[in-house]
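Encoded as C-alpha cells, the structure appears first; notes follow it.
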Amino acid sequence: MTLAAELRPRALGVGTAVTSTSYTQQEVLDAFQITDPKIRSVFLNSAIDRRHLTLPPPDGKGGRVPEPQGDLLDKHKAKAIEMGAEALRACLKRAGAELAELRHLCCVTSTGLLTPGLSALLIKELGIDRHCSRSDIVGMGCNAGLNALGVVAGWAAAHPGELAVVLCAEACSAAYAIDSTMRTAVVNSLFGDGASAIALRSGPDGVADPEGPRILKFASRIIPDASDAMRYDWDREQGRYSFYLDPRIPYVVGAHAEPVVDRLLADTGLRRSDISHWLVHSGGKKVIDAVVVNLGLTRYDVRHTVGVLRDYGNVSSGSFLFSYERLLDEGVAKPGEYGVLMTMGPGSTIETALVQW
C-alpha cells in the first residue's frame, strides 16, 4: 500500500554548528610538527582549506600533548552537547518551531560513547519537555545520518502533526590520535568537528508553503566484503581508540553507488537524469570523485558536497545536512523537483533517500 502523500514526512528546517576554532591544513601540520613529506602531501592535497577542531594544548615546545582516552571522551561529551544544542536551535528557528513542540529527538554520533545518550543530555540541557521521546544511534559512522532519517521518518508518519528532529553531533577531535603513521595521517587530515539537525513533520501542509521536500523513499546497500575497510580499533600501545580508513574505500564506494541508486529509483518512473539535486556525503576528495564518475554526475551536481569538504572537512554523519543547508540557502529548488541524498560509511554501507520539493 502506498503511503498517502500527507503522511510522507516533510523536512521543515535544517541547522548546523561547529566548534569555535578552525585551522588550515598547514596550521594543523605546524601544530603537530609534521615534517614527513608523504604525510604532508596527504594533508595538503585533500581539497580541504579549513576544519574546525579542538586540539590538545601546546606542550611548551611547539608541539601538542597527546590526550588519554578519558579526556577524549570528556571532550566528545562537552562539544557534542555544545554543538548539538546550537544546531538544534538553528534548525527549529528555520522551521518556525519552538523547543516546546518537539516530540521526538534522535541523536547520532560515532566519535564517543555516552550513557545516558546525547538525546537525554540535550533534553536536560535545553529544558525540553520530559515527555519527549528519544532515540540514539551510536557507532554507525558517516552513513548514520540517513539511517536515522529513515527511522525518524517512520516515526513522523506514525505520529501525524508531531515534530521530530534528527541531530548529528560529531566531535571528531575526540578521535584524533597523535603518532607518525600513515594510517593516522589519513584520518587526521580529513575529519572536522560539526553538528547538524533536520526537523520532520507529516500531515497536510499549512497555509505557507514549506521550503523543504517530502521524503519519499530510502534504499541501502551493505558491502560485507568491505566490513573492515572503515573501523575503530583499540590501540593497545596508546591505550585509546584509533580509526582506520582503507585506501581502497573510494573505489569500493564508487563501484556500489550505481546499484543502490538504481534500487532507489526503481518503480518510481524516474531516471538519474530526472534528479535535479544531489546531496552526497563529503567523505573525501577521492570518494566524491568516485561517486561522480560512477553515477555520471557533473561537478555542478556535487558543488555543495565539494564546498562543505573544502570549508569543514568531513564532519561525519551530519555532512550531508551541511550540503542540504547550502542548497536551501541557494534557493534554486523548485516545487516538483527531485533530490537524492547519499551517505556512506562503516559496514561498508551506502545509504540513499529520494525526496521531492
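Please read these numbers as outputs of a predicted model, since none were measured by experiment. Sequence positions, counted from 1, serve as the residue numbers for this chain.
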Checklist entry - Does a sphere of radius 6.0 Å around OH in Tyr241 hold more than 12 heavy atoms from other residues, nucleotides or ligands, not counting ones at 6.0 Å or beyond? => result no

Checklist entry - So, does Arg40 use its side chain to make a donor-acceptor pair with the main chain of Ile34 at under 3.5 Å? => result yes

Checklist entry - Side chains of Thr111 and Glu170: do they bring a donor and an acceptor to under 3.5 Å? => result yes

Next on the checklist: Are more than 12 heavy atoms, taken from residues, nucleotides or ligands other than Arg248, located less than 6.0 Å from that residue's CZ atom?
Outcome noted: no

Next on the checklist: For Leu72, is there any backbone N or O sitting under 3.5 Å from a side-chain donor or acceptor partner on Glu67?
Outcome noted: no

Item to check | Check against salt bridge (Lys or Arg N to Asp or Glu O under 4.0 Å), Asp30 and Arg64 | outcome: CA-CA 10 Å; Asp30 293 342; Arg64 298 279 169 161; over 6 Å; no

Next on the checklist: Tell me whether Glu101 contacts the main-chain N or O of Glu98 through its side chain, where contact means a donor paired with an acceptor under 3.5 Å.
Outcome noted: yes

Next on the checklist: If I take atom NE2 from residue His277 and atom OH from residue Tyr324, how far apart are they, to the nearest 0.5 angstrom?
Outcome noted: 10.5 Å

Checklist entry - With distance as the sole test, does Asp129 use its side chain to make a donor-acceptor pair with the main-chain N or O of Arg103 at under 3.5 Å? => result no

Next on the checklist: Whether Asp36 and Lys38 form a salt bridge (side-chain N of Lys/Arg under 4.0 Å from carboxylate O of Asp/Glu) is what I want to check.
Outcome noted: no

Checklist entry - Any sub-3.5 Å donor-acceptor pair from Ser173's side-chain atoms to Leu55's backbone N or O? => result no

Item to check | Tyr176-Phe32 aromatic ring centre distance below 6.0 Å | outcome: yes

Checklist entry - When rounded to the nearest 0.5 angstrom, what distance separates CG in Leu200 from CG in Leu12? => result 7.0 Å

Checklist entry - Can you tell me how far the CD1 atom of Ile48 sits from the NZ atom of Lys285, to the nearest 0.5 Å? => result 11.5 Å

Next on the checklist: Using only atom types and a distance under 3.5 Å, with no angle test, would you say the side chain of Thr19 pairs donor to acceptor with the backbone of Thr54?
Outcome noted: no

Item to check | Any Val187 side-chain heavy atom under 4.5 Å of Thr184 side chain | outcome: no

Checklist entry - Taking all atoms of both residues into account, what is the closest heavy-atom pair of Ala17 and Ala87, and its distance? => result CB-N, 3.8 Å

Item to check | Distance-only polar pair, side chains of Ser46 and Gln25, donor-acceptor under 3.5 Å | outcome: yes

Checklist entry - For Gly336, does its backbone N or O pair with a side-chain atom of Gln356 as donor and acceptor, under 3.5 Å? => result yes

Checklist entry - Where the side chain of Ser189 meets the backbone of Phe43, is there a donor-acceptor pair that is under 3.5 Å apart? => result no

Next on the checklist: Which heavy atom of Val28 sits nearest to which heavy atom of Leu53, and what is that distance?
Outcome noted: CG2-CD1, 3.9 Å

Checklist entry - Is there a donor-acceptor contact under 3.5 Å from the side chain of Ser22 to the main chain of His52? => result no

Item to check | Ion pair Arg89/Glu86, N-O distance below 4.0 Å | outcome: no

Next on the checklist: I'd like to know if Arg183 and Asp235 make a salt bridge, using a cut-off of under 4.0 Å between side-chain N and carboxylate O.
Outcome noted: no

Checklist entry - Would Asp193 and Arg51 pass as an ion pair if we require N to O under 4.0 Å? => result no

Checklist outcome for this item: Distance col, row Leu190:CG vs Leu245:CG, nearest 0.5 angstrom, shows 6.5 Å

Next on the checklist: Under the criterion side chain to side chain contact (heavy atoms under 4.5 Å, CB included), I'd like the reasoning laid out for Trp278 against Val291: C-alpha separation, chi angles, the key distance, then a yes or no.
Outcome noted: CA-CA 11 Å; Trp278 294 85; Val291 170; over 6 Å; no

Item to check | Partner of Asp262 under salt bridge (charged side-chain N to carboxylate O under 4.0 Å, His left out), chosen from Arg221, Arg272, Arg271 | outcome: Arg272

Checklist entry - Within a radius of less than 6.0 Å around CG of Asp267, do more than 12 heavy atoms belonging to other residues, nucleotides or ligands occur? => result no

Checklist entry - For Glu351 and Asn147, does a side-chain donor sit closer than 3.5 Å to a side-chain acceptor? => result yes

Checklist entry - Can you name the one residue among Ser319, Ser316, Ser317, Ser282 that meets side chain to side chain contact (heavy atoms under 4.5 Å, CB included) with Cys142? => result Ser316

Item to check | Cation-pi, Tyr300 ring and Arg303 (6.0 angstrom, 45 degrees) | outcome: yes

